[in-house]
Amino acid sequence: MRISAALSAVFALSLWAAFAAAPPVLAQHETAADLLDGERAYRQSCANCHGPDGDVITGIDLGRGQFRRQMTDEDLVRIIRTGIPNTPMPPSTMTVEQAQKIVAYLRARATSARAGAVRGDAARGQALFASKGGCASCHLVNGAGSGVGPDLSRIGAVRGAMELERALVEPAADVQPTARFYRVVLKDGTAVTGRLLSHDTFTVQLLDTTQKLRSFAKSDLREHGFATSPMPSYRDRLSPQELADVVTYLSSLRGR
């Protein structure tokens with residue numbers, strides 16, 4: 001019994017020493033909720049300078065895990081919290097845990113990007129946008145196209161590549177406020193559908209499918225409500241390479 005107790009004590013002491021000597025393991029926030037927290041924190045604190053995909057600063061692509069030198073998770077956490085002296089990268093008031101969640105989100109993005117493997121070409125994407133995709137029949141880019149759908153001139157500055165791809169293959173999954181469509185039926189039975197500009201307790205304002213601004217008093221309507229978006233899915237219309245090309249083109253649109 002004494003020998004057994006002594007061995008247990010030695011084992012426990014050795015185990016404690018091993019844990020004490022080991023470096024802290026960072027960015028172990030693998031749950032979907034933690035990654036979502038990291039994404040939110042990145043968009044609020046980092047995307048303004050680095051862009052939604054993390055590729056705005058030359059030589060750095062956070063979304064693909066590319067840096068000017070090799071970076072460990074600990075390095076990234078430290079930079080997020082303390083900044084880089086004599087550069088535009090400022091320090092932050094984030095806790096270690098908050099910074100770890102951002103790093104975990106960026107690592108997950110980089111893994112997804114490597115798994116995707118298909119690299120897009122913006123020039124080919126622009127041609128597809130105007131031809132096979134038929135996108136200009138609904139969307140404006142730098143003044144060219146139609147205003148029936150949202151203006152995409154700055155879409156690359158506000159939405160990431162993964163979001164853009166999802167919008168192309170699953171357009172009904174996440175409809176942005178500027179892309180919502182609304183249908184009204186007047187008391188005489190006339191129906192009008194258009195992109196919702198604004199509505200309140202008493203009125204509804206739409207841009208109809210002929211690009212005319214329409215305003216209705218709700219008291220004059222027989223019925224009204226949100227309509228299905230006319231945005232089609234390109235899952236089966238474009239090949240994986242064509243889809244990557246269009247996404248790359250849209251990501252490049254950051255306004256003039």
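Atoms considered below: every heavy atom in the structure, side chains included; atoms not considered: hydrogens, waters and symmetry mates. Computed from a prediction, not measured in an experiment: that's the story for all the values here.
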**Student:** Any salt bridge linking D55 with R254? Criterion: basic side-chain nitrogen under 4.0 Å from a carboxylate oxygen.
**Tutor:**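 R254 and D55: salt-bridged.
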**Student:** Taking side chain as C-beta onward, heavy atoms only, is T203 less than 4.5 Å from F216?
**Tutor:**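 Contact flag for T203/F216 side chains = no.
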**Student:** Which residues satisfy the side-chain contact (heavy atoms from CB on, under 4.5 Å) test with E163, sequence neighbours excluded?
**Tutor:**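 Testing E163 for side-chain contact (heavy atoms from CB on, under 4.5 Å), a comparison that skips the adjacent residues, returns R43, R159.
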**Student:** Using atom types as modelled and distance alone, determine if a side-chain donor or acceptor of D37 lies under 3.5 Å from a backbone N or O of D34.
**Tutor:**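 Looks like no, no N/O pair under 3.5 Å.
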**Student:** Are the side chains of S251 and D53 in contact, using a 4.5 Å heavy-atom criterion?
**Tutor:**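 Yes; the side chains approach each other to less than 4.5 Å.
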**Student:** Report yes or no: do L243 and M231 belong to one cluster of Ile/Leu/Val/Met/Phe/Trp/Tyr joined by side chain heavy-atom distances under 4.5 Å?
**Tutor:**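 Linked within one cluster.
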**Student:** What are the two closest non-hydrogen atoms of A161 and V247, and how far apart are they?
**Tutor:**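 For A161 and V247, the tightest heavy-atom pair comes out as O-CG1, 3.7 Å.
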**Student:** Let me check something: do V77 and I79 share a hydrophobic cluster, defined by ILVMFWY side-chain heavy atoms less than 4.5 Å apart, either directly or through other members?
**Tutor:**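 Yes, one cluster joins them.
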**Student:** Quick one, V246 and Y234 - any side-chain contact, counting heavy atoms below 4.5 Å?
**Tutor:**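 Of all side-chain heavy-atom pairs linking Y234 with V246, none is under 4.5 Å.
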**Student:** State yes or no: do I60 and V103 share one hydrophobic cluster built from I, L, V, M, F, W and Y residues joined by side-chain heavy-atom distances below 4.5 Å, directly or via other members?
**Tutor:**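 Yes, one cluster joins them.
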**Student:** If you measure from CZ on F181 to CZ on R195, what distance do you get to the nearest 0.5 Å?
**Tutor:**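 So the gap between those two atoms works out to 6.5 Å.
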**Student:** Is there a side-chain contact between T190 and V185 (heavy atoms, below 4.5 Å)?
**Tutor:**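 No, side chains not in contact.
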**Student:** What pairs meet the salt bridge (Lys or Arg N to Asp or Glu O under 4.0 Å) rule with one or both residues in residues 223-234, with sequence neighbours excluded?
**Tutor:**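 Every pair satisfying salt bridge (Lys or Arg N to Asp or Glu O under 4.0 Å) with a residue in residues 223-234: R183-E223.
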**Student:** Could you tell me the separation between the CD atom of Q211 and the SG atom of C138, rounded to the nearest 0.5 Å?
**Tutor:**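 Rounded to the nearest 0.5 Å, the CD-SG separation comes out at 9.0 Å.
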**Student:** Is it true that a side-chain atom of S45 and a backbone atom of Y42 form a donor plus acceptor pair closer than 3.5 Å?
**Tutor:**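 No, because the side chain of S45 does not come within donor-acceptor range (under 3.5 Å) of the backbone of Y42.
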**Student:** When you measure from the side chain of R154 to the backbone N and O of G255, does any donor-acceptor pair fall under 3.5 Å?
**Tutor:**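 No, because the side chain of R154 does not come within donor-acceptor range (under 3.5 Å) of the backbone of G255.
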**Student:** Is it true that the side chains of Y182 and H224 contain a donor and an acceptor less than 3.5 Å apart?
**Tutor:**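 Distance-only check passes for Y182 and H224.
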**Student:** Rounded to the nearest 0.5 Å, what separation is found between the CZ atom of R69 and the CE atom of M71?
**Tutor:**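 If we round to the nearest 0.5 Å, R69:CZ and M71:CE are 3.5 Å apart.
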**Student:** Could you grab the distance from atom CG of L168 to atom CG of L238, nearest 0.5 Å is fine?
**Tutor:**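 Here the interatomic distance stands at 7.5 Å.
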**Student:** Spell out, as yes or no, whether a donor-acceptor pair under 3.5 Å connects the side chain of Q241 to the backbone of R119.
**Tutor:**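 Yes: the side chain of Q241 pairs with the backbone of R119.
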**Student:** Are there over 12 heavy-atom neighbours, none belonging to D208, within less than 6.0 Å of that residue's CG?
**Tutor:**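 Correct, the count exceeds 12.
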**Student:** Where the side chain of Y249 meets the backbone of F129, is there a donor-acceptor pair that is under 3.5 Å apart?
**Tutor:**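 It does not hold such a pair.
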**Student:** Atom CZ in R124, atom OG1 in T248: separation rounded to 0.5 Å?
**Tutor:**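 Spacing of CZ (R124) from OG1 (T248) equals 8.5 Å.
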**Student:** Would you name the heavy atoms of R81 and A99 that are closest together and state the gap between them?
**Tutor:**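 Shortest heavy-atom separation between R81 and A99 comes out as CG-CB, 3.9 Å.
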**Student:** With a 4.0 Å cut-off on N to O distance, would you call D220 and K187 a salt bridge?
**Tutor:**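 No.
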**Student:** Using a 4.5 Å cut-off on heavy atoms from C-beta on, say whether the side chain of L186 contacts that of L221.
**Tutor:**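 They are in side-chain contact.
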**Student:** Of all the heavy-atom pairs spanning S252 and A122, show the shortest one and how long it is.
**Tutor:**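 Heavy atoms of S252 and A122 come nearest at OG-CB, 4.5 Å.
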**Student:** Could you pull out the closest heavy-atom pair between P150 and T178, with the gap in Å?
**Tutor:**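 Scanning both residues completely, I find the closest heavy atoms to be CG-O, 3.6 Å.
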**Student:** Give the minimum heavy-atom separation between S233 and V169, together with the two atoms involved.
**Tutor:**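 Nearest pair, atom of S233 first, then V169: OG-O, 2.8 Å.
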**Student:** Can you tell me how far apart CG (L253) and CD (Q126) are? Round to the nearest 0.5 Å.
**Tutor:**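 It is 8.0 Å, given to the nearest 0.5 Å.
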**Student:** Heavy-atom distance under 4.5 Å between the side chains of D151 and H139, does that happen here?
**Tutor:**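 Of all side-chain heavy-atom pairs linking H139 with D151, none is under 4.5 Å.
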**Student:** With heavy-atom distances below 4.5 Å as the criterion, would you say the side chains of D73 and Q100 are in contact?
**Tutor:**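 Counting from C-beta outward, D73 and Q100 never come under 4.5 Å.
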**Student:** Given H50, which of I57, L106, D61, V56 fulfils the side chain to side chain contact (heavy atoms under 4.5 Å, CB included) condition?
**Tutor:**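 Answer after filtering I57, L106, D61, V56: I57.
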**Student:** Using every non-hydrogen atom in the two residues, find where D245 and D121 come nearest and quote the distance to one decimal.
**Tutor:**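 Shortest heavy-atom separation between D245 and D121 comes out as OD1-N, 2.8 Å.
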**Student:** Hey, any chance V148 and V204 share a hydrophobic cluster, counting ILVMFWY side chains that come within less than 4.5 Å of each other, even indirectly?
**Tutor:**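 No; V204 is not reachable from V148 via cluster members.
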**Student:** Keeping the roles fixed (side chain from S92, backbone from I80), state whether a donor-acceptor pair exists under 3.5 Å.
**Tutor:**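 Here the side-chain-to-backbone pair exists.
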**Student:** Strictly distance-based, threshold 3.5 Å: is any side-chain N or O of Q98 a donor or acceptor partner for the main-chain N or O of T95?
**Tutor:**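 Yes.
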**Student:** Main chain of S239, side chain of E242: is a donor-acceptor contact present, judged purely on distance under 3.5 Å?
**Tutor:**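 Judged by distance alone, yes, a pair lies under 3.5 Å.
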**Student:** Identify whether L140 and L196 are in the same connected component of the hydrophobic contact network (ILVMFWY, side-chain heavy atoms under 4.5 Å).
**Tutor:**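 No, no single cluster joins them.
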**Student:** Counting only N and O atoms by type, is there a donor-acceptor contact under 3.5 Å from the side chain of R214 to the main-chain atoms of L207?
**Tutor:**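 Such a contact is absent between R214 side chain and L207 backbone.
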**Student:** Flag the pair I102 / M94 as yes when at least one side-chain heavy-atom distance between them is below 4.5 Å, and no otherwise.
**Tutor:**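 In contact.
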**Student:** I'd like to know if the side chain of Q205 reaches the main chain of L197, judged simply by a donor and an acceptor atom lying under 3.5 Å from each other, with no hydrogens or angles considered.
**Tutor:**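 A pair under 3.5 Å: no.
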